[in-house]
Structures are given as C-alpha cells and as structure tokens.
Number of protein chains: 2
Amino acid sequence: MESQLDTVFAALADPTRRAILAMLLEDDMAVTDVAEPFEMSLAAISKHLVILTRAGLISQEKRGRVKWCKLEPDALRDASVWMQGFGQFEPVNLDAFERFLEAELAELAPDGAPPRCSVPASGGSD
Amino acid sequence: MESQLDTVFAALADPTRRAILAMLLEDDMAVTDVAEPFEMSLAAISKHLVILTRAGLISQEKRGRVKWCKLEPDALRDASVWMQGFGQFEPVNLDAFERFLEAELAELAPDGAPPRCSVPASGGSD
DNA sequence: GCGATCGTCAACCGTTCGGTTGAATATGGG
DNA sequence: CCCATATTCAACCGAACGGTTGACGATCGC
C-alpha cells in the first residue's frame, strides 16, 4: 500500500544515499568501493543500498563474489515529473545541479579524502 | 547541519503531505480546511504543516483566528534540479504529472468523499 | 463577557530509521 | 584445503516519525 513515490522520496531524503547516487552516476561500483569514502560501517552502506534498490533507484548484480551497483535513473523520472508540476514548469538549470553535487560531495569528505567521483559531465558545453 | 534537500525530500516522502501540497496548488487554505478531507486528527495535520513549513514548501500566515497555508513552489525547484540531473535530462511529461496527482488524490478519498481539489490545469484549457 | 471555533502544545504510544557490533555465508586464490 | 575477501544477517540501540488524546491560548460573534 506504499506508493513508489513514497519509497523514492524517502530514499532521497538521506544525504548518504544521495551521495551514493552521485557516485554511481560516474560509474558502476562494487559495494566495498561504494562504502570506502564514508565513515560508517560496511553493513550500514549495505543497508542503504538495499533501500536504494527497493526504491528502484539502483540495481545490484552479483558477479563472482562482488556485487555491482548500477544507477537506475528511470525511477527518478516519476518523482521528477511529480515535482515539476509544482515548480511553475520552469526549465531546470543544470549549472545549479552541478553546484549541488559538488557541495554535497564536499560535505561528506571533511577529512580531505575526496571520493574520486566529481560531477557528471552534464553535456559539457551548454 | 541538515541540508535543505534533506528536509524537502523527507517532507515529500509522506503521501499525506504530498496530497496537502496538491490541494494547495489549487488555492490557499485554512488549516481546518486542509484537514477536512483526511481521516486523521487536526493535530496530526498541524504537525504535517509544520514539517512542510520547515522544508520551505509552504508558508503560513495567521489572519485573525485562521491560519492560511500557501504553497511555496520555490523550495521544490532546488530538489527538482537535483533530481533532473539523474534523469538523463529528459523533458518531463506533464500529462504524466496530472495522472499522478489524480491517482494520489483518489487514493486518500476511499470513502467516496473526494477533496474538492482536482488537478492543476498545467497550462491546458484552464 | 461567554461560548464556540481555530490551532497548537504536551505527553504518550508503537513503529521505523540509521547506525553499531559480531557472526555467518559465499566465493576466489594459492 | 585453507585462508582472505566480499557481503549480508541478526540482534541491539537511541532517536525520530506519525499518530492519538486532552488541555490550553487566541480570537470571533453575539
């Protein structure tokens, strides 16, 4: 009885999970590698990944003994559509998106250990 | 130390709160009127409105003894921008948005007591 | 001023969340 | 086969959530 919108927004409400999504935007990653830049336990990250998977935001495929995590942007489209309806239908500003990602990623690497994911190219020259 | 994105997405993760936003898309409303279509107590709705206010999604202005609630779509823009970055930058489908709202509102009026808020015109034949 | 209305506050309740730890379960390599 | 690696499971914890009820402070109308 729980809508997809519920689980997607709930998943996005956590900064750790948003950071994970941003990392996966760069490339598919193994669970251990996802966990590396964070200061919490591997089990905690594993739980976050379960939540993201249940929300449909990522998928996980086990190959050998490592489980690969892959971003699934489709799940975001519904939620995005919902939100756009309230935003006066304005076009989004991609520059603002880049700044968001940078700020969020900077926040979770306070000890000078930046995750090796920068910001998506977002089309580059636009 | 809690980002605006945190509070906005957390606020959106609850179907009651999303329904309230959809209602306010139609018109400003008093707290009692907001609560009317729901089956929970007025105090519960009041709490939801506090959460929406703290997230910046609505504003409340007290005039006389009634407190008016007003949608503040600006707060959604940031979150929307963030999400769009994952959606392969595809244009959103506004028809889909209308269907979403209809479905969500229908869900919370199971006893045949539809809230008197339909769906936003979304630029159509208003 | 009195009573009804509007809305919040405070205390409480059960559930979920985000995290920990330690054990368990694959799986791959020498 | 044995051990290291990769990941999850299970139990636990404190805090936050979503809801209730009852009391309370404003404010309006008469």
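So you know, we letter chains A, B, ... as the sequences are listed, proteins then strands, and number each from 1. The structure displayed is predicted, hence computed values, not measured ones.
In this structure B/A44 satisfies the side chain to side chain contact (heavy atoms under 4.5 Å, CB included) test together with B/M40, B/S41, sequence neighbours excluded. For B/E2, the salt bridge (charged side-chain N to carboxylate O under 4.0 Å, His left out) test picks out no residue, with sequence neighbours left out.
Residues B/F38 and B/M23 are in side-chain contact: their nearest non-hydrogen atoms beyond the backbone lie under 4.5 Å apart. Looking only at side-chain heavy atoms (C-beta outward), B/L5 and A/P15 stay at 4.5 Å or farther from each other. Contact check for A/L24 versus A/I20: side-chain heavy atoms found under the 4.5 Å cut-off. By the 4.5 Å heavy-atom criterion applied to side chains, A/T16 and A/I45 are counted as neighbours.
A residue-by-residue look at A/A10 and B/V31 shows that B/V31 has its nearest nucleotide of DNA chain C further toward the 5' end.
The salt bridge (Lys or Arg N to Asp or Glu O under 4.0 Å) analysis of residues 58-68 of chain B, with sequence neighbours excluded, yields the pairs B/E61-B/R63.
Considering every non-hydrogen atom in both B/R18 and A/S3, the closest pair reads NH2-OG, 3.4 Å. Across all their heavy atoms, B/F9 and A/A13 have their closest contact at CB-CA, 3.6 Å. Shortest non-hydrogen contact noted between B/R17 and B/A11 is NE-O, 2.8 Å.
Taken residue by residue, residues 50-59 of chain B places heavy atoms nearer than 4.0 Å to DNA chain D at B/I51.
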With a 3.5 Å cut-off and sequence neighbours excluded, list the donor-acceptor pairs that the side chains of residues 50-59 of chain B form with protein atoms.
{"unit_1": "B/T53", "atom_1": "OG1", "unit_2": "B/L49", "atom_2": "O", "d": "2.7"}
{"unit_1": "B/T53", "atom_1": "OG1", "unit_2": "B/Q60", "atom_2": "OE1", "d": "3.2"}
{"unit_1": "B/S59", "atom_1": "OG", "unit_2": "B/E72", "atom_2": "OE2", "d": "2.9"}

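For DNA chain D, the contact window with chain B, defined by any atom under 4.0 Å from a protein heavy atom, covers D/dG18 to D/dC28 in 5' to 3' order.
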Exercise for the section: Spell out protein contact along nucleotides 22-30 of chain C as letters: B when the base is contacted, S when just the sugar-phosphate is, - when no protein heavy atom is under 4.0 Å; keep the 5' to 3' order. Expected result: -----BS--
Enumerate all atom pairs, one protein N or O and one N or O from nucleotides 12-16 of chain C, separated by less than 3.5 Å.
none

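A/V66 belongs to a hydrophobic cluster with A/W68, counting contacts under 4.5 Å between side-chain heavy atoms of Ile, Leu, Val, Met, Phe, Trp and Tyr, direct or through other members.
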